[in-house]
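Order of listing sets the numbers, starting from 1, for every ligand and every atom in it. Just so you know, residue 1 is the first one in the sequence shown, and it goes up from there.
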Amino acid sequence: MQWQDEYSIGIQEIDSQHQELVRLFLQITESVAAELDWSEIHLRILQLGSFAEFHFKFEDALMRVFAYPESVEHAGFHEQFFAKLKVIEESAIVDEVRHDMVKLLLDWLFGHILVADKAYANFILGGAAVVRS
Ligand SMILES: [Fe+2]
Ligand SMILES: [Fe+2]
């Protein structure tokens with residue numbers, strides 16, 4: 001469940017944001033492992049959701065500025081993340097958050113970075129032009 005060099009997509013600001021997402025994930029798993037109060041775990045889930053929202057909006061703007069042809073499909077992937085996080089957040093309130101639920105979503109994020117995020121990064125780094133007028 002740790003950051004590895006292979007997750008780097010080659011755009012420094014995005015890599016930093018991805019590392020922050022991983023750090024927020026680890027904060028949740030640590031609080032679950034420590035059996036902290038539900039409200040503390042819930043707070044950390046909200047913190048992850050809040051930063052993920054910022055990150056996804058940032059990526060969306062980047063893709064639009066470079067007219068990335070798959071930006072709409074990519075936005076759909078981000079919606080999947082929120083749907084999955086919502087289930088975890090609900091669990092924190094009505095039941096309990098299990099380690100494997102959090103790990104599954106982090107694995108989803110790693111997979112997303114490796115395939116979808118790398119795809120837009122390669123498009124941009126491959127010489128795509130800014131299309132804003
Ligand atoms: Fe991303
Ligand atoms: Fe993304």
Side-chain angles (χ1 to χ4, degrees):
M1 291 189 61
Q2 285 191 336
W3 178 265
Q4 293 173 32
D5 286 346
E6 65 171 315
Y7 301 139
S8 173
I9 67 168
I11 300 173
Q12 196 176 7
E13 172 60 29
I14 299 292
D15 288 337
S16 300
Q17 291 179 18
H18 286 160
Q19 286 170 12
E20 175 65 6
L21 284 169
V22 174
R23 191 185 71 78
L24 291 166
F25 262 102
L26 293 179
Q27 278 200 347
I28 297 172
T29 54
E30 281 166 17
S31 60
V32 168
E35 297 182 358
L36 294 187
D37 194 57
W38 77 269
S39 59
E40 186 64 32
I41 297 171
H42 186 251
L43 172 71
R44 291 176 181 199
I45 293 167
L46 293 184
Q47 286 172 335
L48 170 62
S50 172
F51 191 78
E53 195 176 338
F54 158 75
H55 169 66
F56 292 153
K57 280 185 177 162
F58 192 99
E59 277 189 341
D60 194 45
L62 195 59
M63 286 184 278
R64 286 180 53 194
V65 155
F66 284 94
Y68 180 56
E70 288 165 44
S71 62
V72 173
E73 185 190 14
H74 198 113
F77 296 146
H78 292 168
E79 288 304 316
Q80 290 175 18
F81 176 92
F82 287 122
K84 293 169 195 288
L85 188 66
K86 185 80 191 154
V87 173
I88 297 176
E89 190 209 333
E90 280 291 315
S91 299
I93 298 169
V94 302
D95 187 14
E96 62 175 350
V97 175
R98 295 190 321 274
H99 176 80
D100 63 304
M101 299 166 76
V102 183
K103 186 180 181 304
L104 263 179
L105 187 54
L106 180 56
D107 285 343
W108 180 96
L109 180 70
F110 285 148
H112 177 77
I113 290 171
L114 285 170
V115 179
D117 285 355
K118 276 198 176 174
Y120 83 69
N122 289 341
F123 178 80
I124 291 171
L125 296 172
V130 172
V131 294
R132 292 179 76 230
S133 52

Worksheet item: His18: which N/O/S atom is nearest the Fe ion (ligand 1)?
Response: NE2

Practice prompt. Could you tell me whether Gln2 atom CD has more than 12 heavy atoms of other residues or ligands within 6.0 Å of it?
Written response: no

Worksheet entry | Protein N, O or S atoms under 2.8 Å from the Fe ion (ligand 2) | 5

Worksheet entry | Atom of Leu114, atom of Glu6 and distance for their closest heavy-atom approach | CD2-O, 3.6 Å

Name the atoms and distances for all side-chain donor-acceptor pairs under 3.5 Å in residues 27-35, with sequence neighbours left out.
residue: Thr29; atom: OG1; partner: Leu26; partner atom: O; Å: 2.9
residue: Ser31; atom: OG; partner: Gln27; partner atom: O; Å: 3.2
residue: Ser31; atom: OG; partner: Ile28; partner atom: O; Å: 2.8

Practice prompt. Please round to the nearest 0.5 Å and tell me the distance separating atom CG of Asp60 and atom NE2 of His55.
Written response: 11.0 Å

Worksheet item: Is the closest side-chain donor-acceptor distance between Asp37 and His42 under 3.5 Å?
Response: no

Practice prompt. Identify the heavy atoms of Leu125 and Gly10 that sit nearest to each other, and give their distance.
Written response: CD1-O, 3.9 Å

